[in-house]
Amino acid sequence: MKLPQVDYEAPRTVEEAVDLLAEHGDDASVLAGGQSLIPLLALRLAQPAVLIDINGVDELSGVSVADGWVRIGAMTREYVAEESGTIAGSVPLLAAALPLIGHEAIRSRGTIGGSLAHADPAAELPAVARALDAEFVVRGRSGERVVPAAEWFEGYLMTSRAPDELLSEVRFPAAGPGTGTSFQEVARRHGDFAIVGLAASLTLSDGVIADARLAFAGISDVPVRAAGAEDVLAGERPSAGLFDEAARRATDGIDPPADLHGSSEYRKKIAAALVRRGLRAAADNADERQ
Ligand SMILES: Cc1cc2nc3c(=O)[nH]c(=O)nc-3n(C[C@H](O)[C@H](O)[C@H](O)COP(=O)(O)OP(=O)(O)OC[C@H]3O[C@@H](n4cnc5c(N)ncnc54)[C@H](O)[C@@H]3O)c2cc1C
């Protein structure tokens, strides 16, 4: 399908991009890797008057570490993050999730900021961001604001970014000693969006769970933290029985959507299995890292 007629702007700096967003507001869409936006345009599901292409804004790319946080520029390509030694060493949960996104061709164009601004609830990175309490840095004409992950995802493909704001950076806390992580998902084929996915992180101290983090993809219109299960895990020693109980708590009261890939009940069963599997893998990793 042909793309609709649309005006095109190609800023070279964040300031220029922000000025263009302020000028066009709701009429503009930011173009990052285009892996989600271009299909939406082709299908006429998005109909902006102006595309603001930020591929030429070099200052939006890169990975750095400061004050215990790993900072990733919004335009950092998914494959660059996947190959980053800093991310592998300091945010292993993100490193585990990245290779599960689509295929290499998609990850070579798709960006970290694009995935998190798009906010598909079945996508891997929103679940990772929610599990780790990532921070989102947005820039507008009036300056910068930092949004915690708990306040970023507002609904299906909806975030708390205002139309005149640019997502410039996402910050993930560096994993501490004793932290093990795992990203688990069930998809029809490798590279498909997850039917259900789970981001899991456990931090062990003297064999006891000091911190537990679980977030699902694919069970709601936003990524969902399993707070009840996290409470069950904290202060306990890892065991199969404990992980069974966590799986029960994590899926108690959830009501996943049904579609042609599976019923609500099927998704619930997958979710429970992923909690058991994810916690086992995270506990094994944590043992290795202590
Ligand atoms: C065949 C196929 C399979 C895929 N499979 C998966 C998968 O399994 N898992 C998965 O997670 N994703 C998958 N994707 C999507 C892929 O990860 C995309 O790269 C990602 O969702 C969007 O990133 P992008 O950089 O291409 O953003 P774009 O498509 O350019 O933009 C997406 C949206 O975010 C907005 N946006 C982008 N950057 C910014 C910014 N800096 N500030 C403000 N707004 C911004 C855009 O305006 C647009 O609304 C798949 C895509 C395809 C085509």
Side-chain angles (χ1 to χ4, degrees), residues 3 6 8-9 11 13-14 17-18 20-22 24-43 45-61 72-82 94 96-130 136-140 144-145 147 152-153 156-170 183 185-197 199 217-218 223 261:
L3 293 184
V6 60
Y8 176 82
E9 300 280 0
T13 64
V14 167
V18 164
L20 285 163
L21 279 171
H24 297 287
D26 262 342
D27 291 334
S29 282
V30 173
L31 175 66
Q35 299 302 296
S36 299
L37 182 57
I38 296 295
L40 290 177
L41 291 175
L43 294 167
L45 292 172
Q47 298 195 301
V50 188
L51 281 184
I52 301 176
D53 180 349
I54 56 171
N55 282 270
V57 183
D58 294 340
E59 63 193 289
L60 287 173
S61 293
I72 307 179
M75 274 305 291
T76 307
R77 306 281 173 196
E78 289 159 350
Y79 90 93
V80 170
E82 192 179 341
L94 179 59
L98 282 161
L100 301 174
I101 298 174
H103 304 281
E104 276 180 34
I106 290 150
R107 300 196 297 275
S108 76
R109 293 296 303 166
T111 64
I112 299 295
S115 175
L116 289 162
H118 188 55
D120 189 317
E124 287 81 4
L125 300 192
V128 171
R130 195 66 183 82
F136 294 77
V137 182
V138 291
R139 293 269 298 271
E144 184 178 288
R145 82 192 166 95
V147 183
W152 179 254
F153 302 102
Y156 182 73
L157 307 187
M158 277 172 54
T159 71
S160 55
R161 180 185 74 87
D164 62 350
E165 286 178 325
L166 181 74
L167 175 61
S168 61
E169 181 179 278
V170 187
F183 198 98
E185 70 179 35
V186 169
R188 284 192 66 214
R189 296 164 302 195
H190 176 76
D192 283 2
F193 276 96
I195 295 174
V196 180
H261 299 305

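Because only heavy atoms are used, hydrogens play no part in the values below, and waters and symmetry mates are left out as well, while side chains stay in. Just so you know, ligand 1 is whichever comes first in the structure, and atom 1 is the first atom listed for that ligand.
- Taking the six-membered ring where the residue is Trp, Phe136 and Trp152 present parallel rings, their angle staying beneath 30° rather than reaching 60°.
- The contact shell of ligand 1, taken as protein residues with any non-hydrogen atom closer than 4.0 angstrom, comprises Val30, Leu31, Ala32, Gly33, Gly34, Gln35, Ser36, Leu37, Ile54, Ala74, Glu78, Leu100, Ile101, Gly102, Ile106, Gly110, Thr111, Gly114, Ser115, Ala117, His118, Ala123, Glu124, Arg161, Leu166, Leu167, Gly191, Asp192, Phe193.
- Under the salt bridge (charged side-chain N to carboxylate O under 4.0 Å, His left out) criterion, Glu82 pairs with Arg107, not counting sequence neighbours.
- Under a cut-off of 6.0 angstrom, the local environment of CD in Glu144 is crowded, with over 12 non-hydrogen atoms contributed by other residues, nucleotides or ligands.
- Among residue pairs with one or both ends in residues 108-117, those qualifying as side chain to side chain donor-acceptor pair (under 3.5 Å) are Asn55-Arg109; sequence neighbours excluded.
- Residues that satisfy the salt bridge (charged side-chain N to carboxylate O under 4.0 Å, His left out) test with Glu185, not counting sequence neighbours, are absent from this structure.
- Within 6.0 Å of CZ in Arg188 there are 12 or fewer heavy atoms belonging to other residues, nucleotides or ligands.
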